[in-house]
Each structure stands twice: as structure tokens, then as C-alpha cells.
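What follows is one structure encoded as C-alpha cells, with my remarks underneath.
We use all heavy atoms of the structure for the numbers below, so side chains are in, but hydrogens, waters and symmetry mates are not. Note that the coordinates shown come from a computational prediction; the quantities given were computed from them, not determined experimentally.
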Amino acid sequence: MTLHCASGKLDQASAIDESLDRVATFLDYSSTHRSILMSRDTLSDLLRSVRVRGAVFYYVSCRGQWSAEAPPAKEIAEAVLPGCEHVMEYHMIAKGNGWAAVSGQSPVKLAAGDIVMFPQGDRHVLSSAPNVEPLRMTADWVFARRNDPKPMPISYHHGVVEAGAPMPIENADMVAVCGFLGCDLRPFNPLIAALPRVLHLPASHAGGWVSRVIEQAVVESNSPRPGGDAVLERLAEMMFVDAARRYLDSLPEDATGWLAGLRDRFVGKALALMHARPDHAWSVDDLSREVGLSRSALHERFIEFVGHPPMQYLANWRIQLGARLLRESNRTVATIALDVGYDSEAAFSRAFKRMVGMPPAAWRKAQTRAE
């Protein structure tokens with residue numbers, strides 16, 4: 001990957017327009033005119049429902065020996081992505097090399113074109129080499145600068161950090177575009193628990209579009225233009241979608257968890273059926289016939305991969321869909337109840353309160369106030 005100074009010469013926007021269009025459609029959370037019952041695939045369905053949002057916050061340049069420690073994402077969530085229930089940090093390496101580490105795991109070597117994410121929101125360190133004493137970015141520091149223009153340039157060199165002071169690309173040993181991704185955890189989001197603490201996406205395993213995304217992020221970070229924030233947000237969201245897919249592809253054959261369940265012949269088909277038709281009166285017998293497995297075998301296999309029996313998973317997913325419709329549409333609670341597979345408003349309200357802690361109407365009002 002070749003980087004140029006941020007003079008406007010590096011402009012790969014046209015190269016990723018098609019990808020941005022695809023992800024814009026994929027992440028169109030407000031399309032409540034489109035039936036909630038339509039689903040192209042299970043992973044896409046979940047990602048739309050839990051409202052993945054992205055933000056690019058820092059353009060980091062480093063020279064010499066350097067090390068920086070980021071606080072746990074939950075400590076700074078309200079400063080970087082207000083209103084998000086779960087926040088995770090990512091770093092796109094545009095130039096040079098480095099290391100990423102979390103407590104209790106071996107450091108991961110990073111190279112230009114790599115992406116590293118921390119899906120569980122761990123405190124983590126990026127450095128020029130393992131065991132370099134880090135400069136700590138505190139939550140107070142992040143909150144104090146929450147209203148500064150973003151992406152904020154930060155320079156690290158010889159133990160000194162300079163916020164707001166960009167370093168020329170040609171002078172930097174390492175350049176990274178850093179930001180945050182947020183999503184809903186409640187009522188139901190099985191994806192986050194299925195992801196590792198450190199998700200390393202090497203450039204060598206990526207398609208060519210990833211390098212163009214990173215280059216475009218560098219351009220937008222260095223040369224702010226109208227609409228630049230929206231471009232950076234979409235780039236971050238697209239990167240997360242690709243990260244989840246690449247992690248799924250890399251799982252060993254004996255892996256378990258929700259993501260591994262998607263590719264299992266039987267569990268994956270059952271999940272797809274429930275996601276495609278959540279309003280259908282599914283039973284374990286129906287699902288077992290559809291997927292070609294006995295009732296007891298499907299039940300056991302579902303628990304092994306997903307952690308829930310099929311009918312509990314379906315109940316949880318219906319409540320998640322109901323929550324999305326409550327937030328994004330003006331439909332009545334009674335209409336939503338029928339849309340997601342309940343026979344009555346009362347049955348939906350009881351199930352919703354049991355899982356969320358408050359009735360649907362009260363939850364809808366609370367979400368409106370929060371936004």
C-alpha cells in the first residue's frame with residue numbers, strides 16, 4: 001500500500017463507492033417501510049437489528065519508541081458514542097508496524113494494512129515493541145476533548161504525546177486511524193459474546209478493498225470535507241461487517257458459539273428459518289423436519305452451538321425485533337406483537353417485560369427520551 005501526503009492526491013473514493021453503497025443499504029436501520037419479516041441472511045439480519053454505528057476519532061502518528069494504553073471502552077462510551085450500550089475500539093494501520101496487547105494474552109504483531117479490533121471493549125496497548133511502558137490515555141482526557149473536531153491528530157514520539165498536532169506522514173514510523181464501533185446489547189445480541197477479545201485482521205488475508213478503505217480513511221482524516229464524517233462512519237461500519245465475516249471464515253471446525261452455529265448444516269438452517277419468518281408459529285418439530293434432524297438432536301445441537309434451546313432463541317429474537325420496531329416505527333404495540341409472532345398484545349407485553357424489565361410502551365418512551 002502506498003501512502004501520499006494529505007494534499008488531495010490520494011483520493012480513492014470512486015474505488016469504494018460501490019462498497020459504500022452496499023453497506024449503506026445493508027446498514028439502513030430506518031427502513032421500517034421494508035417488512036421486518038424479510039431477511040437475506042442471518043448475520044445481516046442481526047447486524048441491522050442491533051444498530052451497528054461507527055466513528056473515527058483519532059489520526060495517530062508515531063516515531064521512534066512509542067506505546068499508548070487505551071482505557072476500557074465502557075469508561076469512555078458516553079464521550080465517543082453517546083447512547084450506545086456497547087462500544088469497541090479499532091485501529092487501522094496505514095503505515096509501519098506495531099504491536100497490540102490485552103492483559104492475559106500474547107501480543108499481536110501488526111503490519112501496514114492490518115486492522116485490529118477489541119470486541120469486548122478491553123483496556124489495551126498499542127506499541128512499537130512489546131513491554132514498552134505505555135503512556136496512558138485516561139477517561140478524563142477523552143471526556144475533556146469530546147467536543148474537539150474529529151478526527152483528532154495525535155503524535156507520539158520519544159515518550160511525548162501531542163494532541164492536535166499532526167506529524168507529516170513521511171516523518172512517521174507508524175500511522176493509524178483509530179475509532180470506535182457501537183451497538184445494542186439488549187434485548188438480545190448473541191454476536192458480541194461470540195467474538196474474541198482481540199480480533200486481528202491481517203492485510204495478507206484481506207481483499208484489495210481493505211487497503212483502499214484504510215487509504216480513504218487517511219485522506220478523510222487529513223483533509224476534512226463536507227460529508228467526511230459520514231464517509232468515515234460508513235467505512236468503520238463496513239469494516240466491522242467484514243471483520244465478523246472474516247472471523248467466521250477463520251473459525252476451526254470444532255468451534256462453537258453463535259457464529260459457528262451459522263455455518264453448521266443443521267443449526268444454521270434452523271437459524272435462517274427463524275430469522276426469515278419470525279412470525280411463523282414454529283415448533284421444535286417443525287424445525288427438525290425442515291433441517292432433517294431429530295427433535296432431540298436439534299435441541300442438543302442448538303444448545304451446543306448457540307447456548308439456548310431453539311424456542312428460547314426464537315423468543316429472544318422476537319423480542320429483539322419488537323424492540324427495533326418500537327424504536328423505529330409508529331406502529332402500535334398490538335400491531336408489533338402480531339408482526340413478530342405473538343397472538344396478542346398481552347402475550348407480547350408479558351414476554352417483553354420479562355426480558356427487558358419494563359412494558360413495551362414504557363420502553364419506547366424511554367428510548368425516545370434517550371435519543
Side-chain angles (χ1 to χ4, degrees), residues 22-23 25-29 34-52 86 117 119-120 183-185 187-196 199 201 205-207 237-324 339-341 355:
R22 286 198 300 268
V23 81
T25 301
F26 174 82
L27 294 163
D28 184 7
Y29 309 118
R34 181 177 61 81
S35 172
I36 196 80
L37 306 181
M38 296 299 291
S39 173
R40 282 175 287 179
D41 68 78
T42 307
L43 179 58
S44 298
D45 209 20
L46 179 71
L47 288 168
R48 279 191 295 268
S49 179
V50 299
R51 300 189 303 162
V52 177
H86 183 72
M117 301 175 55
Q120 305 307 322
C183 64
D184 299 329
L185 285 182
F188 183 56
N189 180 353
L191 173 60
I192 297 302
L195 294 173
L199 182 51
L201 307 170
H205 297 165
E237 292 161 3
M238 184 165 60
M239 178 197 66
F240 179 70
V241 174
D242 183 63
R245 293 167 61 185
R246 286 165 63 184
Y247 180 67
L248 171 59
D249 291 341
S250 72
L251 288 173
E253 289 298 319
D254 60 350
T256 58
W258 186 80
L259 277 171
L262 294 184
R263 70 180 186 186
D264 179 76
R265 174 184 172 186
F266 304 106
V267 174
K269 186 173 181 180
L271 286 169
L273 288 167
M274 290 188 283
H275 277 251
R277 299 177 61 196
D279 62 329
H280 184 71
W282 293 108
S283 67
V284 178
D285 288 331
D286 294 333
L287 291 170
S288 64
R289 279 194 301 271
E290 291 284 349
V291 305
L293 200 64
S294 72
R295 187 180 190 278
S296 59
L298 177 62
H299 179 90
E300 292 174 4
R301 200 169 185 86
F302 223 88
I303 291 176
E304 177 187 358
F305 279 95
V306 182
H308 305 291
M311 292 300 98
Q312 183 181 340
Y313 181 91
L314 178 60
N316 292 346
W317 179 239
R318 285 171 168 170
I319 296 300
Q320 175 64 32
L321 291 180
R324 179 187 175 196
D339 285 343
V340 299
M355 187 168 177

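- With sequence neighbours excluded, the residues satisfying side chain to side chain donor-acceptor pair (under 3.5 Å) with Q312 are H308.
- To the nearest 0.5 Å, the span separating CG on N316 from CD on Q320 amounts to 9.5 Å.
- The shortest non-hydrogen separation linking A255 to R263 is CB-NH2, 4.3 Å.
- L43 places a side-chain heavy atom less than 4.5 Å from the side chain of L262.
- Between the side chain of S49 and the backbone N or O of D45, no donor-acceptor pair lies under 3.5 Å.
- Closest approach of P119 to L195, counting heavy atoms only: CB-CB, 3.7 Å.
- Here I319 contributes atom CD1 and M355 contributes atom CE; the two are 7.0 Å apart, rounded to the nearest 0.5 Å.
- In this structure, D242 contributes its side chain and M239 its backbone to no donor-acceptor pair below 3.5 Å.
- Applying the side chain to side chain donor-acceptor pair (under 3.5 Å) rule to N189 yields no partners; only residues at least two apart in sequence or on another chain are considered.
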_Worked check of side-chain contact (heavy atoms from CB on, under 4.5 Å) between M311 and L287_ = CA-CA 10 Å; M311 292 300 98; L287 291 170; 3.6 Å; yes
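- V52 approaches F240 most closely through the heavy-atom pair CG1-CD2, 3.8 Å.
- Residues V306 and P190 fail the side-chain proximity criterion, which asks for heavy atoms closer than 4.5 Å.
- E304 is not listed as a side-chain neighbour of V267, based on a closest heavy-atom distance of 4.5 Å or more.
- R318 contributes a side-chain N or O that, together with a main-chain N or O of P278, makes up a donor-acceptor pair within less than 3.5 Å.
- With Q120 contributing its side chain and I192 its backbone, the two residues share a donor-acceptor pair below 3.5 Å.
- Across all their heavy atoms, I303 and P309 have their closest contact at CG1-N, 3.8 Å.
- Taking the six-membered ring for Trp and the full ring otherwise, Y313 and F188 have centroids separated by under 6.0 Å.
- With rounding to the nearest 0.5 Å, the separation of NE2 in H280 from CG in L273 is 9.0 Å.
- If you take OG on S294 and NE2 on H299, they are separated by 11.0 Å, rounding to the nearest 0.5 Å.
- Judged purely by atom type and a 3.5 angstrom limit, W317 has no side-chain atom pairing as donor or acceptor with the backbone of L271.
- Closest of all the heavy-atom pairs between D286 and A281 is OD2-O, 3.5 Å.
- If you take CG on L293 and CZ on F302, they are separated by 11.5 Å, rounding to the nearest 0.5 Å.
- M274 contributes atom CE, which lies 12.0 Å from atom CD of E290 (distance to the nearest 0.5 angstrom).
- Side-chain atoms of L259 and L191, non-hydrogen and from C-beta on, do get closer than 4.5 Å to each other.
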